[in-house]
Amino acid sequence: MSDMKVGEVARLVGISVRTLHHYDDIGLVVPSGRTSKGYRSYSASDVERLHQVLTYRELGFVLDDIAALLDDPSIDTMAHLRRQRKLLDARIDRLHRMAAAVDRMMEAKKMGIQLTPEEQREVFGDDWLGEEYAGEAEERWGQTEAWKQSQARTASFTKEDWTRVKAETDALEADFAAAMTAGVPADSEQAAELAERHRAGIEQYYDCGYEMHVCLGEMYVSDERFTKHYDDVAPGLAQYLRDAIVANAAGK
């Protein structure tokens with residue numbers, strides 16, 4: 001690499017000529033040569049030092065600290081590079097964590113849930129399907145009135161509201177499981193009352209008529225994620241819930 005003029009170096013590294021002049025004035029990056037007309041001339045080693053300065057600047061170091069790092073005679077070039085690489089890896093990890101947190105926040109917003117990811121896990125448990133299901137749900141139903149109602153109705157929900165909803169849902173699922181275990185027929189009056197409680201719970205989010213309710217019931221047995229959720233409460237509960245919903249709708 002032949003020596004480069006200040007303008008060429010500025011374009012190469014993406015900073016201003018004024019910044020290069022400043023680095024020269026404070027002795028941070030001093031060009032090793034001058035042209036016949038007295039202009040600054042940067043060698044390959046000068047440009048390498050400049051790249052090191054800019055890397056440390058990107059990592060948040062002040063110029064005085066950068067000068068000390070670069071001019072410490074006990075640290076060789078490879079040590080500088082290893083240090084820079086370690087700092088960059090740490091920053092990349094942090095940015096990845098930040099990006100993941102933003103993704104979770106976006107998914108929660110799509111679901112209308114005004115909770116932090118930690119609060120969502122705290123309320124709904126480790127098997128909560130919200131993050132996984134939000135994008136799919138919006139894609140399938142984002143243009144429907146039910147989706148719009150859900151977004152509007154849950155927009156003001158607090159952590160306490162979601163905690164109450166979770167408690168009510170857990171109690172209903174336990175009652176369904178108890179009825180199934182006791183041999184209560186899915187088309188009985190008792191099962192119909194449970195199905196109505198279930199439908200009322202859905203209506204906290206959007207208007208849920210009997211046709212819509214049946215569609216949800218069918219989804220509980222056709223989508224393995226929902227089937228697993230209910231069957232983890234009690235084996236066979238997803239099918240029993242579906243049958244109770246269908247029987248209740250047929251009697252209306």
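Below, all heavy atoms of this structure are taken into account, side chains as well, without hydrogens, waters or symmetry copies. The first residue in the sequence is number 1, and the count goes up from there.
- A single hydrophobic cluster is not seen to contain both Val221 and Ile202; linkage of ILVMFWY side chains at heavy-atom distances under 4.5 Å, directly or through other members, places them apart.
- Using a 30° and 60° split on the angle between ring planes, Phe176 and Tyr240 fall in the perpendicular class, above 60°.
- In this structure the side chain of Leu63 reaches within 4.5 angstrom of the side chain of His22, judged on heavy atoms.
- Side-chain heavy atoms closer than 4.5 Å link hydrophobic residues (I, L, V, M, F, W, Y) into clusters, and following such links, even through other members, never connects Val30 to Val13.
- Taking both residues in full, the closest heavy atoms of Ala244 and Ala195 are given as O-CB, 3.9 Å, listed atom of the first, atom of the second, then distance.
- Side-chain contact between Tyr42 and Val29: present, with at least one pair of heavy atoms (C-beta onward) separated by less than 4.5 Å.
- Residues Tyr205 and Gln149 are not in side-chain contact: their nearest non-hydrogen atoms beyond the backbone lie 4.5 Å or more apart.
- The CZ atom of Arg57 sits 10.5 Å away from the CD1 atom of Ile15 when rounded to the nearest 0.5 Å.
- The shortest non-hydrogen separation linking Thr227 to Ser222 is OG1-N, 4.4 Å.
- Residues Pro31 and Asp24 form a side-chain contact, since some pair of their non-hydrogen atoms from C-beta on lies under 4.5 Å apart.
- Across all non-hydrogen atoms, the minimal contact from Ser45 to Ser43 is OG-OG, 2.9 Å.
- Heavy atoms only, all atoms of each residue included: Ala177 and Leu237 are closest at N-CD1, 3.9 Å.
- Going from atom OG1 of Thr19 over to atom OH of Tyr23 covers 6.0 Å, rounded to the nearest 0.5 Å.
- The same ILVMFWY cluster, assembled from side-chain heavy atoms under 4.5 Å apart, contains both Tyr230 and Leu216.
- Because its NZ or CZ atom is not both nearer than 6.0 Å to the ring centre of Tyr39 and within 45° of the ring axis, Arg34 does not count as a cation-pi partner of that residue.
- Taking a cutoff of 4.0 Å between a charged side-chain nitrogen and a carboxylate oxygen, Glu193 and Arg197 do not qualify as a salt bridge.
- Between Val246 and Glu218, the closest side-chain pair of non-hydrogen atoms falls below 4.5 Å.
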**OP:** Mind running side-chain contact (heavy atoms from CB on, under 4.5 Å) on Leu50 and Leu20 for me, showing each step along the way?
**Re:** CA-CA 9 Å; Leu50 177 59; Leu20 283 174; 3.6 Å; yes
**OP:** Walk me through it: do Tyr220 and His198 pass the test ring pair (Phe, Tyr, Trp, His ring centres under 6.0 Å)?
**Re:** CA-CA 13 Å; Tyr220 297 154; His198 184 274; 5.7 Å; yes
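- Counting heavy atoms from C-beta outward, Leu54 and Glu58 have side chains that stay 4.5 Å or more apart.
- Interatomic distance, Leu28 CG to Asp64 CG, rounded to the nearest 0.5 Å: 9.0 Å.
- Ionic pairing of Glu196 and Arg199 is present here: one or more N-O contacts between side-chain nitrogen and carboxylate oxygen are shorter than 4.0 angstrom.
- Residues Val6 and Val47 are members of one and the same hydrophobic cluster, defined by side-chain heavy-atom contacts under 4.5 angstrom among Ile, Leu, Val, Met, Phe, Trp and Tyr.
- For Asp231 (side chain) and Ala238 (main-chain N/O), a donor-acceptor pair under 3.5 Å exists by modelled atom type.
- Judged purely by atom type and a 3.5 angstrom limit, Thr181 has no side-chain atom pairing as donor or acceptor with the backbone of Ala178.
- For the atom pair OG1 (Thr55) and CZ (Arg85), the distance works out to 11.5 Å, reported to the nearest 0.5 Å.
- The CG atom of Leu194 sits 11.0 Å away from the CD atom of Glu189 when rounded to the nearest 0.5 Å.
- Salt bridge annotation for Lys228-Asp223: absent, with no cationic side-chain nitrogen under 4.0 angstrom from a carboxylate oxygen.
- The shortest non-hydrogen separation linking Ala186 to Asp243 is CB-CB, 3.7 Å.
- Here Arg164 does not pair with Glu160 in a salt bridge; the nearest charged N to carboxylate O distance is not below 4.0 Å.
- The CZ atom of Arg49 lies 10.0 Å from the CD1 atom of Ile66; values are rounded to the nearest 0.5 Å.
- Between Leu70 and Val53 the shortest side-chain heavy-atom distance falls below 4.5 Å.
- With hydrogens and angles ignored, the 3.5 Å screen pairs no side-chain donor or acceptor of Ser188 with any backbone N or O of Val184.
- Taking every heavy atom of both residues into account, Ala179 and Gln190 meet most closely at CB-NE2, 4.1 Å.
- Gln204 places a side-chain N or O within 3.5 Å of a backbone atom of Gly201 that can act as its donor or acceptor partner.
- When the side chains of ILVMFWY residues are joined at heavy-atom separations under 4.5 Å, either directly or via intervening members, Val165 and Phe226 end up in a single hydrophobic cluster.
- Under the 4.0 Å criterion applied to side-chain N and carboxylate O atoms, Asp46 and Lys5 are not assigned as salt-bridge partners.
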